[in-house]
**Q** 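Following this message is one structure expressed as structure tokens.
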Amino acid sequence: MPGDEGADQTLPRFAALVLEVVQRVPPGRVLTYGDVAEYLGEGGPRQVGSVLSRYGSDVPWWRVLRADGTPAPQVRARALDHYVTEGTPLRRAGDRVDLRRARWHGDAG
DNA sequence: GCAATGACTGGTA
DNA sequence: TTACCAGCCATTG
């Protein structure tokens with residue numbers, strides 16, 4: 001298959017991969033930046049965050065957060081609003097996601 | 001081609 | 001629990 005790129009036109013390769021994964025995360029579930037990088041098998045957490053910062057506006061970016069269950073500071077308020085709307089498991093304090101229950105384990109479950 | 005940047009992470013105090 | 005540090009790596013100027 002010649003030139004198997006296509007798909008995401010002007011987006012960098014890694015960015016396209018990240019966006020694909022984020023779009024597959026079902027409502028009420030989340031992944032950490034590190035999880036996405038590991039799922040792709042390349043890049044790192046910072047790259048994932050960087051991609052969402054630049055191109056994440058068209059995907060459910062709030063379903064990707066830090067390893068401690070807190071979203072990025074600049075989008076914290078909006079992210080928390082989505083969690084409540086989607087019924088994402090939150091901790092008692094309600095200001096961070098309960099990763100133990102909310103973390104998405106891929107299509108397998 | 002090189003240096004700087006950043007929606008991160010895990011360890012230590 | 002919070003605070004700080006060094007490592008990490010694709011993308012950008």
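Protein chains get the first letters and strands the later ones, always in sequence-line order, with residue 1 at the start of each. No hydrogens, no waters, no symmetry mates; every other heavy atom, side chains included, goes into these values.
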**Q** Is any side-chain heavy atom of A/Val30 less than 4.5 Å from a side-chain heavy atom of A/Trp104?
**A**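 Answer no - side chains too far apart.
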**Q** A/Phe14 near the nucleic acid: base, sugar-phosphate alone, or nothing, with a heavy-atom cut-off under 4.0 Å?
**A** sugar-phosphate
**Q** If I take atom CD in residue A/Glu38 and atom C1' in nucleotide B/dC8, what distance separates them, rounded to the nearest angstrom?
**A** 14 Å
**Q** Supply the atom-to-atom distance A/Arg46 CZ to A/Tyr33 OH, rounded to the nearest 0.5 angstrom.
**A**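 Rounded to the nearest 0.5 Å, the CZ-OH separation comes out at 11.5 Å.
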**Q** Starting at atom CD of A/Gln47, determine the distance to atom P of C/dA10, rounded to an integer number of angstrom.
**A**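 Atom CD in A/Gln47 sits about 6 Å away from atom P in C/dA10.
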**Q** Would you tell me if any nitrogen or oxygen in the side chain of A/Ser53 comes within less than 4.0 Å of OP1 or OP2 on B/dA7?
**A**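 Yes, A/Ser53 has a side-chain N/O under 4.0 Å of OP1/OP2 on B/dA7.
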**Q** Please give, in whole Å, the distance from C/dA10 P to A/Leu19 CG?
**A**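 Rounded to whole Å, this separation is 17 Å.
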**Q** Whether A/Arg76 contacts B/dA7 is assessed here as follows: a side-chain N or O lying under 4.0 Å from the phosphate OP1 or OP2. Is that the case?
**A**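 False: A/Arg76 side-chain N/O out of range (4.0 Å or more) of B/dA7 OP1/OP2.
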**Q** Give one of base, sugar-phosphate or nothing for A/Arg66, where a contact means two heavy atoms less than 4.0 Å apart.
**A** sugar-phosphate
**Q** Side chains of A/Ser53 and A/Trp61, heavy atoms from C-beta outward: is any pair under 4.5 Å?
**A**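 No, side chains not in contact.
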**Q** Figure out the CG/P separation between A/Leu52 and B/dA7, and round it to whole Å.
**A**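 Rounded to whole Å, this separation is 11 Å.
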**Q** Taking the side chain as everything from C-beta on, heavy atoms only, tell me whether A/Arg24 gets closer than 4.5 Å to A/Asp107.
**A**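 In short, these two side chains touch, coming nearer than 4.5 Å.
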**Q** Which residue, A/Arg96 or A/Ala15, contacts DNA chain C at a nucleotide closer to its 5' end, judged by nearest heavy atom?
**A**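 Its nearest nucleotide lies further toward 5', so the answer is A/Arg96.
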**Q** Starting from P on B/dA7, measure out to NE2 on A/His82 and report it in whole angstrom.
**A** 18 Å
**Q** Given atom CG of A/Asp58 and atom P of B/dA7, what is their separation to the nearest angstrom?
**A** 18 Å
